[in-house]
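Encoded as structure tokens, the structure appears first; notes follow it.
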Amino acid sequence: MDGATALDDDADTEGSREASPLRLEFAGEWHELPPGKPFIIGREGDLEIDDNPYLHRHFLELQHHDGLWWLANVGVRLAATVSSAGGAVQSWLSPGARMPLVFERNVIVFTAGPVTYELNLHTEAAPYEVSSQVEASMSGETTVMPVSFTAMQKQLIVALAEPMLRREGVSMNELPSSSDAAKRLGWSMSKFNRKLDNVCDKLDRMGVQGLRGGPGKLATNRRARLVEYAVTSQVVTRADLPLIDDETLRNQSDSDD
């Protein structure tokens, strides 16, 4: 489910009366969303995330209809990564799209300017459950998708994702610039950009959206999407943080992966 259906403004208010509330967690605070009305997330709205000028005034909308909770992107520029089933299901919610929340827990990650935000959604009336096989695979010892990275490629991902990996709870984090991440690794910018290209190309070939460069897709957006995907799908975890300071990798000769 790496996409979403077209935005539909119609809402089924009858089914909302019997629906279970949706609980939202952000920055240590919990909000209970009643099924009877839309809930707006953005710079303004029911949940005012931040006064970040890069964030839309109205960005995400949560609403119950057709027997399900739906998440819609009502912004015009920003996209969001939605992770469900412990990271086994990934969706990229582009502007003007919406998707049903069919699992008990969903994690929403998005980046506005230099800041990455994370929200958690919980509902007790989810129509889908996570199988025992998927739960076993999400133990932290395996990644969700059959992709392998070299140690230096993982080192790059960890350097970009370090603030999110070190976070406590659900919050906001500043995304490192390419120059800061390269400096953190002791790499030249040409080496960093080449490794970033390799990682993004590998994931793009797997069908991960939002990583291919092109008109309107700047490097900042690509780095943000890489971090969002890598953390929510557990490509990298907190256990990988020591890779950043691994002297063997730092001294390894530069070669294309």
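As a basis for the values below, the full set of heavy atoms in this structure was taken, side chains included, without hydrogen atoms, waters or symmetry mates.
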> What distance do Leu62 atom CG and Leu121 atom CG have between them, rounded to the nearest 0.5 Å?
Replying inline: 5.5 Å
> Would you call Tyr229 and Leu211 a side-chain contact if the rule is heavy atoms closer than 4.5 Å?
Replying inline: no
>> If you compare all heavy atoms of Pro95 against all heavy atoms of Gly75, which two are closest, and at what distance to 0.1 Å?
In response: CB-O, 3.4 Å
>> Tell me whether the rings of Trp69 and His64 are parallel (<30°), tilted (30 to 60°) or perpendicular (>60°).
In response: perpendicular
> According to a 4.5 Å side-chain heavy-atom criterion applied to Ile, Leu, Val, Met, Phe, Trp and Tyr, with indirect links allowed, do Phe59 and Ile40 form part of one hydrophobic cluster?
Replying inline: no
>> Test side chain to side chain contact (heavy atoms under 4.5 Å, CB included) on Asp46 and Leu33; report intermediate values, then the result.
In response: CA-CA 10 Å; Asp46 300 289; Leu33 284 57; over 6 Å; no
> With side chains defined as the heavy atoms from C-beta onward, is the minimum distance between Leu119 and Leu47 less than 4.5 Å?
Replying inline: yes
>> With rounding to the nearest 0.5 angstrom, report the CZ to CG distance, Phe39 to Leu24.
In response: 5.5 Å
> Okay, side chain of Trp30, backbone of Arg23: is any donor-acceptor separation there less than 3.5 Å?
Replying inline: no
> With Glu118, which of Met172, Arg167, Glu25, Glu228 fulfils side chain to side chain contact (heavy atoms under 4.5 Å, CB included)?
Replying inline: Arg167
>> One pair to check against side chain to side chain contact (heavy atoms under 4.5 Å, CB included): Leu101 and Leu68. What are the steps and the verdict?
In response: CA-CA 7 Å; Leu101 302 176; Leu68 294 169; over 6 Å; no
>> Let's go through Ile108 and Phe26 carefully: what are the C-alpha distance in whole Å and the side-chain angles of both, what is the deciding distance for side chain to side chain contact (heavy atoms under 4.5 Å, CB included) to 0.1 Å, and is it a yes or a no?
In response: CA-CA 10 Å; Ile108 305 171; Phe26 174 68; over 6 Å; no
> Looking only at heavy atoms, which two atoms of Leu60 and Ala80 are closest? And how far apart?
Replying inline: CD2-CB, 4.5 Å
> When rounded to the nearest 0.5 angstrom, what distance separates CZ in Phe103 from OG in Ser83?
Replying inline: 10.0 Å
> Partners of Ala112 by side chain to side chain contact (heavy atoms under 4.5 Å, CB included), sequence neighbours excluded?
Replying inline: Asn52, Tyr54, Leu55, Leu78, Tyr117
> Looking at Gln209, Gln90, Arg225, which hits side-chain hydrogen bond (donor to acceptor under 3.5 Å, both in side chains) with Thr81?
Replying inline: Arg225
> If you look only at pairs with a residue in residues 49-60, which of them pass as a salt bridge (Lys or Arg N to Asp or Glu O under 4.0 Å), with sequence neighbours excluded?
Replying inline: Glu44-Arg57
> Counting distance only, does the side-chain N/O of Asn73 pair as donor-acceptor with the main-chain N or O of Leu93 below 3.5 Å?
Replying inline: yes
>> When you compare the side chain of Val236 with that of Glu162, does any pair of heavy atoms fall below 4.5 Å?
In response: no
> Do any N or O atoms from the side chain of Gln155 and from the backbone of Leu243 form a donor-acceptor pair under 3.5 angstrom?
Replying inline: yes
>> Show the nearest heavy-atom pair for residues Pro176 and Arg223, with the distance to one decimal.
In response: O-NH1, 2.5 Å
> For Gly45 and Glu48, which heavy atoms make the closest approach, and how far apart are they?
Replying inline: O-CG, 3.7 Å
> Hey, does the side chain of His56 reach the backbone of Arg77 with a donor-acceptor pair shorter than 3.5 angstrom?
Replying inline: yes
> Is it the case that Lys202 and Gln153 place a side-chain donor and acceptor less than 3.5 Å from each other?
Replying inline: yes
> Do Asp245 and Arg184 touch side chain to side chain, with heavy atoms closer than 4.5 Å?
Replying inline: yes
>> Looking at every non-hydrogen atom in both residues, tell me the closest pair between Ser94 and Ala79 and how far apart they are.
In response: CA-CB, 4.2 Å
> From Leu156 CG over to Ile244 CD1, what is the distance, rounded to the nearest 0.5 angstrom?
Replying inline: 10.5 Å
> Between atom SG of Cys200 and atom CZ of Arg205, what is the distance when rounded to the nearest 0.5 Å?
Replying inline: 11.0 Å
>> If you define the side chain from C-beta out and look only at heavy atoms, does anything of Glu174 sit under 4.5 Å from Pro163?
In response: no
> Tell me, do Leu226 and Leu160 make a side-chain contact under 4.5 Å, heavy atoms counted?
Replying inline: yes
> Short question: side chain of Asn193, backbone of Met189 - any donor-acceptor pair under 3.5 Å?
Replying inline: yes
>> Between Ile41 and Val115, is there shared hydrophobic-cluster membership here, with clusters defined by ILVMFWY side-chain heavy atoms closer than 4.5 Å?
In response: yes
> Is there a donor-acceptor contact under 3.5 Å from the side chain of Asn198 to the main chain of Arg194?
Replying inline: yes
> Rounded to the nearest 0.5 Å, what separation is found between the CZ atom of Arg43 and the NE2 atom of His58?
Replying inline: 10.0 Å
>> Please list all pairs meeting salt bridge (Lys or Arg N to Asp or Glu O under 4.0 Å) that have one or both residues in residues 231-243, counting only residues at least two apart or in different chains.
In response: Lys154-Asp240, Glu168-Arg238
> If you look at every heavy atom in Val231 and Ala161, which pair is closest and at what distance?
Replying inline: CG2-CB, 3.8 Å
